[in-house]
Amino acid sequence: MNEPEVFIAAEKALTAVVDQIRDDQGDMKLPEWFQIGSGQDRGSLNLRKIVDYHAYDDAWVPDVLAGRTAEEVGDKYDGDLLGDAPKDRWHTIVDASIAAALALKPENLDKPVHLSYGDFPAREYLKHITSFRGFRAFDIAKMTGADTKLPDDLVQGMWDLIGPEAEQWRAMGVFGP
């Protein structure tokens, strides 16, 4: 599987987990084992905010893959993206993200995209966000009591794409010991 295919598999896996979240689970506080980014206050985060952050991350995918910069996009994705119909909004955002990945031509996988932490080839960006979605699908499933088994093709695809770089990512603090 190539980078867009593994990304799409991760999107679908995370969506399958999000679809299983019950309405009464949005206020769930994060368990201690749930990894969050540095500088985030664990006490201020709940499941709804985690899912909304993923919607925010997904909303950027079409713009990033189109080569737009943060300055060009502006603040259009700020705020609560899920609103009163979180699962419907989730699907709309994810569908656009998947469509952007499907539209990415193989010859454009090495073109630079502009991220908040620097410019990277599109294929690297897809690896970064694929790992985020794939691992978070497991985390949210575990937190909510859903099935944590990820699709075999996703696990193999993540292993093939990310495995060779795991030690480098660990040195950067992306993965723990």
Side-chain angles (χ1 to χ4, degrees), residues 1-19 21 26 30 34-42 44-140 154 157-158 161-162 165 168-169 172-175:
M1 296 175 72
N2 64 24
E3 291 87 355
E5 292 168 334
V6 180
F7 166 72
I8 291 167
E11 286 281 65
K12 289 179 178 181
L14 182 55
T15 295
V17 171
V18 168
D19 282 343
I21 297 172
L30 303 182
F34 199 101
Q35 292 189 19
I36 59 174
S38 61
Q40 291 182 317
D41 176 17
R42 177 175 296 281
S44 70
L45 296 176
N46 59 28
L47 182 57
R48 165 70 187 230
K49 288 181 181 177
I50 291 294
V51 173
D52 190 64
Y53 181 77
H54 277 281
Y56 171 84
D57 198 53
D58 261 319
W60 277 92
V61 172
D63 286 317
V64 170
L65 291 179
R68 293 183 188 89
T69 65
E71 292 77 28
E72 291 171 311
V73 174
D75 61 0
K76 73 179 182 178
Y77 302 124
D78 289 357
D80 178 10
L81 296 179
L82 299 177
D84 293 335
K87 289 183 183 174
D88 291 340
R89 289 291 306 137
W90 173 270
H91 280 271
T92 299
I93 292 166
V94 168
D95 289 349
S97 179
I98 288 173
L102 286 170
L104 189 62
K105 295 182 168 91
E107 62 268 19
N108 290 333
L109 283 170
D110 291 314
K111 75 173 186 160
V113 296
H114 313 290
L115 309 176
S116 62
Y117 49 93
D119 291 350
F120 290 85
R123 75 174 63 250
E124 286 301 313
Y125 168 61
L126 289 172
K127 286 181 197 178
H128 298 179
I129 60 178
T130 295
S131 70
F132 188 39
R133 283 149 182 77
F135 291 123
R136 193 48 58 86
F138 178 89
D139 292 344
I140 292 173
L154 171 59
M158 287 178 64
L161 292 180
I162 300 164
E165 299 177 37
Q168 178 185 3
W169 288 20
M172 294 185 306
V174 175
F175 297 139

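Values in this document were obtained by computation on a predicted structure and should not be read as measured data.
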Novice: Checking side chain to side chain contact (heavy atoms under 4.5 Å, CB included) against Val61, which of Asp63, Val64, Leu65, Asp57 comes through?
Specialist: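 Testing Val61 for a side chain to side chain contact (heavy atoms under 4.5 Å, CB included) against Asp63, Val64, Leu65, Asp57 leaves exactly one candidate, Leu65.
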Novice: Quick one: are Glu3 and Leu161 in side-chain contact, heavy atoms under 4.5 Å?
Specialist: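 In short, these two side chains touch, coming nearer than 4.5 Å.
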Novice: Given side chains that start at C-beta, do those of Arg133 and Asp58 come closer than 4.5 Å, heavy atoms only?
Specialist: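 Counting from C-beta outward, Arg133 and Asp58 do come under 4.5 Å.
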Novice: Exactly one of Asp52, Asp95, Leu81, Val51 should register a side chain to side chain contact (heavy atoms under 4.5 Å, CB included) with Trp90. Which one does?
Specialist: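 Single side chain to side chain contact (heavy atoms under 4.5 Å, CB included) partner of Trp90 among Asp52, Asp95, Leu81, Val51: Val51.
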Novice: Taking side chain as C-beta onward, heavy atoms only, is Leu109 less than 4.5 Å from Pro4?
Specialist: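 When only atoms from C-beta onward are counted, Pro4 and Leu109 do touch, with a gap below 4.5 Å.
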Novice: For Ala55 versus Leu82, what's the shortest heavy-atom pair and its separation?
Specialist: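 Nearest heavy atoms, Ala55 then Leu82: CB-CD2, 3.8 Å.
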Novice: Is it the case that over 12 heavy atoms from other parts of the model lie below 6.0 angstrom from the CG atom of Asp84?
Specialist: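 Incorrect, the count does not exceed 12.
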Novice: What about Phe138 and Phe135, are their ring centers closer than 6.0 Å?
Specialist: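 For Phe138 and Phe135, the ring centres are not under 6.0 Å apart.
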Novice: Taking all atoms of both residues into account, what is the closest heavy-atom pair of Trp169 and Lys127, and its distance?
Specialist: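 It is CH2-O, 3.8 Å.
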Novice: Are side-chain heavy atoms of Ile50 and Arg136 found at a separation under 4.5 Å?
Specialist: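 The answer is yes, as the side chains (C-beta and beyond) meet within the 4.5 Å cut-off.
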Novice: Give the minimum heavy-atom separation between Lys87 and Asp19, together with the two atoms involved.
Specialist: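 Smallest interatomic distance, heavy atoms only, reads NZ-O, 3.0 Å.
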Novice: Between Glu11 and Ser97, what is the shortest heavy-atom contact and its length?
Specialist: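 Closest approach of Glu11 to Ser97: OE2-OG, 2.9 Å.
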Novice: Report yes or no: does Gln168 contribute a side-chain atom to a donor-acceptor pair with the main-chain N or O of Glu165 at less than 3.5 Å?
Specialist: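 No, the answer is negative, given that no donor and acceptor are paired below the 3.5 Å cut-off.
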Novice: Kindly give the heavy-atom pair with the smallest separation between Tyr56 and Tyr77, and that separation in Å.
Specialist: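 For Tyr56 versus Tyr77, the nearest heavy atoms are CD1-O, 3.2 Å.
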Novice: Can you see which heavy atom on Arg48 is nearest to which on Pro86, and at what distance?
Specialist: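 Looking at all heavy atoms of both residues, the shortest contact is NH1-CG, 3.7 Å.
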